[in-house]
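Scroll down for the structure; my scribbles are underneath it.
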Amino acid sequence: MKKTILKVFAAILIVANLFALTSCANTSWVAKAGDETVPAGVYLNYLIDAYYTAAYSVPSQQIDMFKQKIGDVEVEDYIKNTALDSTKRYLAINKLFNEYKLSLTDEEIKKVENEVESLWNQVATIYENNGCGKESFTKVLLSEEKFKKIFEYYYSKDGKEPLAEKDKK
């Protein structure tokens, strides 16, 4: 398993370096939709998360995970697809959040900052060694808080499409 982890992280670093070397343009982001961009560290965060999700989702922990499938999908493709889906979600959340002119309260921002401080101590070495810094990690958690705000915008009692309490569950 340790060799597999090293292979994946090597692949992640290669991808990160490819982004840096493939263009003379701004390489601080890896994806863009309109004015919204995904910083390279955010994408690497999603790759790392997808790797760990795959590691726990394979049928057998005794077999090299890259020789297995999750459902009908090869693990390598699963990781790439999951990271890409997360990247698209990140872009969509930021786009809608800005489009609806939403904002996070000081309390919500403080909550995220506290969560980052708590979690970062546990994961910093893995994430930093693979190109994802604390700032990118924070952006991912802020994105999730923005998603909650968008959900409230639509489905809260005073939202655009309020849900009955029983439907929320």
Side-chain angles (χ1 to χ4, degrees), residues 8 12 15-16 19 26-59 65 68-124 126-128 130-169:
V8 169
I12 291 170
V15 170
F19 286 123
N26 185 347
T27 58
S28 63
W29 53 269
V30 295
K32 184 174 184 175
D35 293 336
E36 300 299 324
T37 60
V38 178
V42 168
Y43 179 71
L44 292 171
N45 179 302
Y46 290 138
L47 277 174
I48 294 165
D49 290 350
Y51 169 82
Y52 280 108
T53 300
Y56 291 107
S57 300
V58 292
M65 70 184 251
Q68 300 181 65
K69 291 183 177 184
I70 298 173
D72 294 332
V73 181
E74 299 289 336
V75 167
E76 183 177 341
D77 291 333
Y78 174 88
I79 292 170
K80 290 176 189 175
N81 294 341
T82 302
L84 181 59
D85 289 345
S86 296
T87 300
K88 289 177 183 177
R89 184 174 188 268
Y90 178 90
L91 284 166
I93 288 169
N94 284 328
K95 180 180 184 282
L96 289 174
F97 191 81
N98 293 334
E99 186 177 309
Y100 298 150
K101 296 179 178 26
L102 300 174
S103 61
L104 296 175
T105 65
D106 291 341
E107 183 179 297
E108 291 164 333
I109 293 169
K110 186 67 175 164
K111 177 184 150 208
V112 170
E113 289 171 349
N114 290 338
E115 190 175 354
V116 167
E117 290 307 316
S118 173
L119 292 172
W120 190 248
N121 293 330
Q122 301 168 37
V123 300
I126 292 168
Y127 280 71
E128 286 177 335
N130 291 286
C132 177
K134 190 174 183 180
E135 183 179 342
S136 294
F137 187 77
T138 302
K139 286 178 188 262
V140 169
L141 294 182
L142 280 170
S143 178
E144 291 307 309
E145 198 64 31
K146 289 176 181 179
F147 175 77
K148 291 175 191 174
K149 206 66 154 182
I150 294 167
F151 186 87
E152 289 172 12
Y153 175 81
Y154 273 100
Y155 303 117
S156 69
K157 186 175 96 175
D158 299 322
K160 290 179 92 167
E161 301 173 27
L163 287 177
E165 202 58 40
K166 67 179 179 95
D167 292 335
K168 287 182 185 177
K169 293 177 184 175

Taking all heavy atoms of [X] and all of [Y], pick out the closest pair and write down the distance.
X: Val30; Y: Pro39; result: CG2-O, 4.2 Å
X: Val38; Y: Tyr43; result: CG1-N, 4.1 Å
X: Gly131; Y: Leu44; result: O-CD1, 3.5 Å
X: Gly34; Y: Lys32; result: O-CE, 3.0 Å
X: Tyr155; Y: Glu161; result: CD2-O, 3.2 Å
X: Val58; Y: Val75; result: CG1-CG2, 3.6 Å

Does atom [atom1] of [X] have more than 12 heavy-atom neighbours, drawn from other residues, nucleotides or ligands, at distances under 6.0 Å?
X: Glu107; atom1: CD; result: no
X: Asp72; atom1: CG; result: no
X: Asp35; atom1: CG; result: no

Flag the pair [X] and [Y] as a salt bridge only when some basic side-chain nitrogen lies within less than 4.0 angstrom of an acidic carboxylate oxygen.
X: Arg89; Y: Glu144; result: yes
X: Lys80; Y: Glu76; result: yes
X: Glu108; Y: Lys111; result: no

Counting only pairs under 3.5 Å, give me each side-chain donor-acceptor contact of residues 132-143, with atom names and distances, residues two or more places apart or in other chains.
{"from": "Lys134", "atom 1": "NZ", "to": "Glu117", "atom 2": "OE1", "distance (Å)": "3.2"}
{"from": "Lys134", "atom 1": "NZ", "to": "Glu117", "atom 2": "OE2", "distance (Å)": "2.6"}
{"from": "Thr138", "atom 1": "OG1", "to": "Lys134", "atom 2": "O", "distance (Å)": "2.8"}

Close side-chain approach of [X] to [Y], heavy-atom, < 4.5 Å:
X: Leu96; Y: Glu36; answer: no
X: Thr53; Y: Thr82; answer: no
X: Asn45; Y: Tyr90; answer: no
X: Tyr51; Y: Leu47; answer: no

To the nearest 0.5 Å, what is the distance between [atom1] on [X] and [atom2] on [Y]?
X: Tyr46; Y: Leu84; atom1: OH; atom2: CG; value: 11.5 Å
X: Ser103; Y: Ile109; atom1: OG; atom2: CD1; value: 8.0 Å
X: Asn94; Y: Lys146; atom1: CG; atom2: NZ; value: 4.0 Å
X: Phe97; Y: Lys148; atom1: CZ; atom2: NZ; value: 12.5 Å

### Task
Dump the intermediate steps for side chain to side chain contact (heavy atoms under 4.5 Å, CB included) on Thr105 and Lys149, then the final yes or no.
CA-CA 10 Å; Thr105 65; Lys149 206 66 154 182; 4.0 Å; yes
### Message
Please enumerate all residues that pass ring-ring contact (aromatic ring centres under 6.0 Å, His included) together with Tyr153, with sequence neighbours excluded.
### Response
Tyr100
### Query
Between Ser118 and Asn114, is there a donor-acceptor pair closer than 3.5 Å when you use the side chain of the first and the backbone of the second?
no
### Message
With side chain to side chain contact (heavy atoms under 4.5 Å, CB included) as the criterion, how do Tyr127 and Leu119 come out once you've worked through the C-alpha distance, each side chain's angles and the decisive distance to 0.1 Å?
### Response
CA-CA 11 Å; Tyr127 280 71; Leu119 292 172; over 6 Å; no
